[in-house]
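The model shown is predicted, which means the values in this text are computed figures rather than measured ones.
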Amino acid sequence: MTDGPMREGPLVAKLGGSLWRSPNLAGWMSALRRFPRGVTIVSGGGPFADAVRMAQPEMGFSIQAAHEMAMLGMEQYALALADLFTLTLIETPEEAARAHRRGETALWRPSRMAAAAPDIEPSWDVTSDSLSAWFARRAGAAALLLVKSVDPAAGADLVAAGVVDPRFPAYAAGLDVFLAGPEALPSAGEILGRGDVPGWRVAAAQAEPELRPSPAE
């Protein structure tokens with residue numbers, strides 16, 4: 001991807017599962033609400049998906065079952081966030097668009113759309129990062145913002161570093177993707193408020209993703 005202005009449209013923001021007990025969670029929620037063209041949040045699985053990962057080797061259930069259970073873990077985290085921050089739970093891009101028109105921040109529940117989708121492979125190589133990219137493409141999002149609990153070094157191989165899952169570059173192909181960690185939070189509200197995206201622009205379709213400074217900063 002090349003640097004340049006964002007196209008018009010809503011924003012999809014993936015909140016990393018590890019943010020569930022971070023002091024930055026409320027700050028990111030406040031900042032994201034300031035984006036003027038509508039935001040849909042995709043939550044990670046947090047401790048709920050971690051429980052599935054831990055249980056699978058002991059119980060021996062299939063990867064298909066684990067895939068569906070992990071998405072239910074995302075929904076559990078979403079329910080908690082909706083309760084804590086007064087977000088509107090949605091299941092489809094159409095429902096998200098209606099929430100945006102009402103001035104509400106949408107929060108995706110993935111099971112209805114994603115569980116039976118033939119282009120989503122049941123694998124631990126496909127996490128909520130890839131699912132957020134999959135949803136963003138179907139929603140016609142202007143950009144996808146990945147909010148992480150760490151700030152990876154510029155030029156890092158995001159897949160090798162475990163920042164995104166191995167299948168993310170394929171699912172994110174064609175998207176304008178940004179990555180933001182704790183260093184981006186202090187200015188995030190101002191940047192989002194003017195319709196830009198904080199953090200680093202990611203060349204997500206490359207085999208070794210390149211991080212480029214966002215023109216918004």
Side-chain angles (χ1 to χ4, degrees), residues 10-54 69-91 96 99-100 103-111 114 127-133 135-136 139 141 143-153 158 161-165 168 172 177-200 202 211 214 216-217:
L11 175 68
V12 171
K14 156 65 197 312
L15 285 180
S18 60
L19 287 166
W20 73 274
R21 55 183 173 186
S22 168
N24 291 334
L25 179 59
W28 276 113
M29 283 293 185
S30 177
L32 289 167
R33 290 180 189 274
R34 297 183 62 181
F35 189 76
R37 298 192 299 277
V39 175
T40 299
I41 293 171
V42 177
S43 63
F48 311 105
D50 288 343
V52 180
R53 286 181 182 271
M54 289 188 293
M69 292 166 69
M71 283 195 289
L72 291 173
M74 291 173 63
E75 296 210 2
Q76 288 179 286
Y77 190 14
L79 287 165
L81 293 176
D83 179 69
L84 290 168
F85 298 103
T86 317
L87 308 171
T88 301
L89 292 162
I90 58 94
E91 295 184 333
H100 297 160
E104 299 167 356
T105 300
L107 179 57
W108 186 43
R109 301 182 69 168
S111 291
T127 70
S128 51
D129 286 335
S130 283
L131 290 176
S132 67
F135 179 86
L144 169 65
L145 171 63
L146 301 178
V147 179
K148 298 288 184 176
S149 58
V150 296
D151 289 294
L158 301 184
V163 178
V164 298
D165 65 66
F168 180 78
V177 181
F178 295 78
L179 177 67
E183 290 181 1
L185 181 55
S187 60
E190 178 185 351
I191 292 169
L192 286 157
R194 63 175 186 254
D196 292 322
V197 185
W200 296 83
V202 180
L211 291 179
S214 164
E217 293 190 307

Do [X] and [Y] have side chains that approach each other closer than 4.5 Å (heavy atoms only, starting at C-beta)?
| X | Y | result |
| --- | --- | --- |
| Leu192 | Leu32 | yes |
| Ile41 | Leu87 | yes |
| Leu144 | Val42 | no |
| Met71 | Pro110 | yes |
| Leu11 | Leu145 | yes |
| Leu81 | Met29 | yes |

Exercise for review: Report the C-alpha distance between Leu107 and Leu79 in whole Å, list the side-chain angles of each, state the deciding distance to 0.1 Å, and finish with yes or no for side-chain contact (heavy atoms from CB on, under 4.5 Å).
Suggested key: CA-CA 9 Å; Leu107 179 57; Leu79 287 165; over 6 Å; no

Provide the closest heavy-atom pair for [X] versus [Y] in the form atom of the first, atom of the second, distance.
| X | Y | value |
| --- | --- | --- |
| Pro10 | Ala139 | CG-O, 4.4 Å |
| Trp20 | Gly46 | CD1-CA, 4.3 Å |
| Leu179 | Lys148 | CD1-CG, 3.3 Å |
| Val12 | Ala141 | CG2-CB, 3.8 Å |
| Ala70 | Val52 | N-CG2, 4.2 Å |
| Ala96 | Thr40 | CB-OG1, 3.5 Å |

Under 3.5 Å: donor-acceptor pair, side chain of [X], backbone of [Y]:
| X | Y | answer |
| --- | --- | --- |
| Lys14 | Ser128 | no |
| Asp129 | Phe168 | no |
| Tyr77 | Leu72 | no |
| Ser43 | Met74 | yes |

Review point. Where do His100 and Thr105 land on the side-chain hydrogen bond (donor to acceptor under 3.5 Å, both in side chains) test, with the steps shown first?
Key: CA-CA 6 Å; His100 297 160; Thr105 300; over 6 Å; no

Check your understanding: So which pairs with a foot in residues 79-90 pass salt bridge (Lys or Arg N to Asp or Glu O under 4.0 Å), sequence neighbours left out?
Key ->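 Residue pairs with at least one partner in residues 79-90: there are none.
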
Would you please name every residue forming a side-chain contact (heavy atoms from CB on, under 4.5 Å) with [X], sequence neighbours left out?
| X | answer |
| --- | --- |
| Arg53 | Asp50, Trp124, Thr127 |
| Asn24 | Ser22, Trp28, Pro182, Leu185 |
| Glu91 | Glu95, Arg109, Arg112 |
| Glu104 | Thr88, Ala99, Arg102 |

Point to revise | Contacts of Phe135 that satisfy ring pair (Phe, Tyr, Trp, His ring centres under 6.0 Å) - sequence neighbours left out | key: Trp108

Point to revise | Distance, nearest 0.5 Å, that separates OG of Ser149 from CG of Leu15 | key: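 Separation between the atoms: 11.0 Å.
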
Check your understanding: Only one of Val177, Leu146, Val202 clears side chain to side chain contact (heavy atoms under 4.5 Å, CB included) with Val164; which?
Key -> Leu146

